[in-house]
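Single-structure report; data block below.
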There are 2 protein chains.
Amino acid sequence: MTPQRIGVYRYLLENRTHPTVETVYQALKADSPSLSKTTIYNTVDTLTDAGLIRVIRVGEGEARLDGEIIDHGHFFCRVCGNVYDFDLDNCHLPQSLPGFRMEGFDVHVAGVCAACAEKD
Amino acid sequence: MTPQRIGVYRYLLENRTHPTVETVYQALKADSPSLSKTTIYNTVDTLTDAGLIRVIRVGEGEARLDGEIIDHGHFFCRVCGNVYDFDLDNCHLPQSLPGFRMEGFDVHVAGVCAACAEKD
DNA sequence: TATTATGATGTAAAGATTACAACATGGATG
DNA sequence: CATCCATGTTGTAATCTTTACATCATAATA
Ligand SMILES: [Mn+2]
Ligand SMILES: [Mn+2]
Ligand SMILES: [Zn+2]
Ligand SMILES: [Zn+2]
């Protein structure tokens, strides 16, 4: 655990907005100007392999980072681009895949969020 | 509907392997050498907007194309990179998002497929 | 036939991620 | 303490994927 890794992990725990690598980079660079974006990418790999964070790819463009590792769903608004969490109540892992080793789970819903839907 | 669009759509209906744009391009180029990869990208947009196909981004790297538009889940094998379909039995759209307009739905599971798991 | 609209093509540019070499750091060893 | 060694960081370049755009082809329309 290095200051850089702690910084990225802490940022993701405190900002549950599913930020991009670029967003994290810009935010942390304010405090540590020598920070490199490559370090963010390396750290994301390290933290992902350690099971501390996860990377989700929803919609288009950059990958989004998530410090919440408990299973939950993601709603992607195609208007504002925000990613919202939601609980998975009646959604269970499929039992119908014999021999398959399941390691990760995610539910993606795309559409228009409440804030953007109201602006019509 | 142009010959190129029909070709891409037909390829996706006949090949349920979630191919990449590059794979579709290489396959169709054999029959129509003048085909451009940009046309594949444009056609994917057109077919997606028309609701005939869908694009999924699972794992790393290129986007995967899917001619099956009925809701189903996707299993991504991190070893061989294949994407497998599975049925969604007890998985319903979440009701707990008031005001959100839902348009698309997908379940992503990552892990090791049966074929790759057997090789250990 | 001339016009026009739409789509296809090829190249260039943009955007996102990875590869890699050089540098920094901090602990172990003598 | 001085040296060595392992690991992590940094900056740049390269790669990979996708998009932008100008040009060409095609077919329908007037
Ligand atoms: Mn989340
Ligand atoms: Mn599928
Ligand atoms: Zn929105
Ligand atoms: Zn596999």
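By convention in this document, chain letters (A, B, ...) are assigned in the order of the sequence lines, proteins followed by strands, and residues within each chain are numbered from 1.
- At the phosphate of C:dT9, neither OP1 nor OP2 sits under 4.0 Å from any side-chain N or O atom of B:Thr38.
- Other residues, nucleotides and ligands contribute only 12 or fewer heavy atoms inside 6.0 Å of the CZ atom of B:Arg10.
- For the side chain to side chain contact (heavy atoms under 4.5 Å, CB included) test with B:Val55, the passing option among B:Leu47, B:Thr48, B:Asp66 is B:Thr48; the others fail.
- Side chain of A:Thr39 to main chain of A:Leu35: no donor-acceptor pair is present (N/O by atom type, distance under 3.5 Å, no hydrogens or angles).
- Remark: B:Tyr41 is not in phosphate contact with D:dT19, judged by side-chain N or O atoms under 4.0 Å from OP1 or OP2.
- Each of B:Asn42 and A:Asp45 was matched to the nucleotide of DNA chain C holding its nearest heavy atom; the match closer to the 5' end belongs to B:Asn42.
- One can place CZ of B:Arg57 at 12 Å from C1' of C:dG15, the figure rounded to the nearest angstrom.
- In terms of phosphate contacts, B:Thr2 brings a side-chain nitrogen or oxygen within less than 4.0 Å of OP1 or OP2 of C:dA8.
- Atom C1' of nucleotide C:dA16 and atom CG of A:Leu65 are separated by 13 Å, given to the nearest angstrom.
- For D:dG8, neither phosphate oxygen OP1 nor OP2 lies less than 4.0 angstrom from any side-chain nitrogen or oxygen of A:Thr39.
- Counting only distance, with no hydrogens or angles, the side chain of B:Ser32 and the backbone of B:Ser34 share no donor-acceptor pair below 3.5 Å.
- Rounded to an integer number of Å, the gap from CD1 of B:Ile40 to P of D:dT19 is 14 Å.
- Within 4.0 Å of A:Gln4, counting heavy atoms only, lie sugar-phosphate atoms of the nucleic acid but no base atom.
- Look at CG on B:Leu35: it is 16 Å from C1' on C:dT11, rounded to the nearest Å.
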